[in-house]
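Owing to the predicted nature of the structure, the values given are computational and were not obtained by experimental measurement.
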Amino acid sequence: SFAVHHWLGADMRKYGRRLHHLLTPQGKVLLESQNINDQDLDWEEKLAKFMQAGFEEVHSGRLKDDGVIERRFSVLQKV
């Protein structure tokens with residue numbers, strides 16, 4: 001999934017349900033934010049809505065893939 005949620009314009013819970021349906025049992029998905037200091041100020045809220053579709057977080061972190069823009073990521077597992 002990476003950072004496409006912003007461009008899809010879909011509700012995060014609905015998006016989570018779509019991916020949940022596509023995954024095998026215990027399948028994993030990687031979600032990546034946009035810039036958490038600008039576009040994704042509400043990242044925690046978006047992540048919580050996505051997880052309500054039947055996921056648990058197994059790993060998370062922060063990165064600056066270009067050395068400037070700070071992003072968050074979460075590896076989620078279907079439950």
Side-chain angles (χ1 to χ4, degrees):
S1 174
F2 299 93
V4 301
H5 64 277
H6 180 76
W7 312 115
L8 294 176
D11 173 75
M12 288 299 281
R13 193 175 300 115
K14 185 176 179 181
Y15 182 46
R17 284 194 303 260
R18 286 182 192 165
L19 292 182
H20 190 275
H21 178 72
L22 294 172
L23 290 171
T24 60
Q26 300 173 344
K28 292 181 177 65
V29 64
L30 172 68
L31 286 183
E32 180 187 10
S33 74
Q34 298 290 330
N35 184 342
I36 61 168
N37 298 311
D38 183 8
Q39 291 174 294
D40 267 338
L41 294 171
D42 58 347
W43 176 248
E44 290 296 327
E45 180 183 330
K46 289 176 182 173
L47 183 59
K49 286 182 179 179
F50 189 93
M51 290 175 63
Q52 289 173 359
F55 291 92
E56 65 182 3
E57 189 173 58
V58 295
H59 185 70
S60 65
R62 295 174 181 258
L63 63 110
K64 288 185 179 180
D65 56 352
D66 62 358
V68 178
I69 296 173
E70 187 171 5
R71 299 175 182 262
R72 299 234 0 243
F73 70 89
S74 293
V75 178
L76 306 170
Q77 183 171 311
K78 180 179 178 176
V79 292

Inset, instruction - May I ask you to test the Leu76-Leu47 pair for a side-chain heavy-atom distance under 4.5 Å? - result: yes
Legend entry - Glu56, CD atom: more than 12 neighbouring heavy atoms under 6.0 Å: yes
Inset, instruction - Determine the interplanar angle of the His59 and Phe73 rings, folded into 0 to 90°, and report it as parallel if under 30°, tilted if 30 to 60°, perpendicular if over 60°. - result: tilted
Legend entry - Shared hydrophobic cluster for Val79 and Met51 (ILVMFWY, side-chain gaps under 4.5 Å): no
Legend entry - Closest approach of Lys28 to Val58 (non-hydrogen atoms, all atoms of both residues): CE-CG2, 4.4 Å
Legend entry - Spatial distance of atom CE (Met12) from atom CD (Gln52) [nearest 0.5 Å]: 11.0 Å
Inset, instruction - Could you tell me whether a side-chain N or O of Asp42 sits under 3.5 Å from a main-chain N or O of Glu45, the two making a donor and an acceptor? - result: no
Legend entry - Any donor-acceptor N/O pair, Ser33 side chain to Arg72 backbone, under 3.5 Å: yes
Legend entry - Straight-line distance of Lys46 NZ to Leu41 CG, nearest 0.5 Å: 8.5 Å
Legend entry - Interatomic spacing from CZ in Arg71 to CD1 in Ile36 - rounded to 0.5 Å: 10.5 Å
Legend entry - Check: Leu19 and Lys78 side chains under 4.5 Å, non-hydrogen atoms: no
Inset, instruction - Find the distance between CZ (Arg17) and CZ (Phe50) and round it off to the nearest 0.5 Å. - result: 11.0 Å
Inset, instruction - Please answer whether the main-chain N or O of Arg13 pairs with a side-chain N or O of Asp11 as donor and acceptor at a distance below 3.5 Å. - result: yes
Legend entry - Joint hydrophobic cluster, Val68 plus Leu63, side-chain heavy atoms closer than 4.5 Å: no
Inset, instruction - Can you measure from CZ (Phe55) to CD (Gln77) and round to the nearest 0.5 angstrom? - result: 10.0 Å
Legend entry - Nearest heavy atoms of Gly16 and Ala53, plus distance in Å: C-CB, 3.4 Å
Inset, instruction - Find the distance between NZ (Lys64) and CG (Asn35) and round it off to the nearest 0.5 Å. - result: 9.5 Å
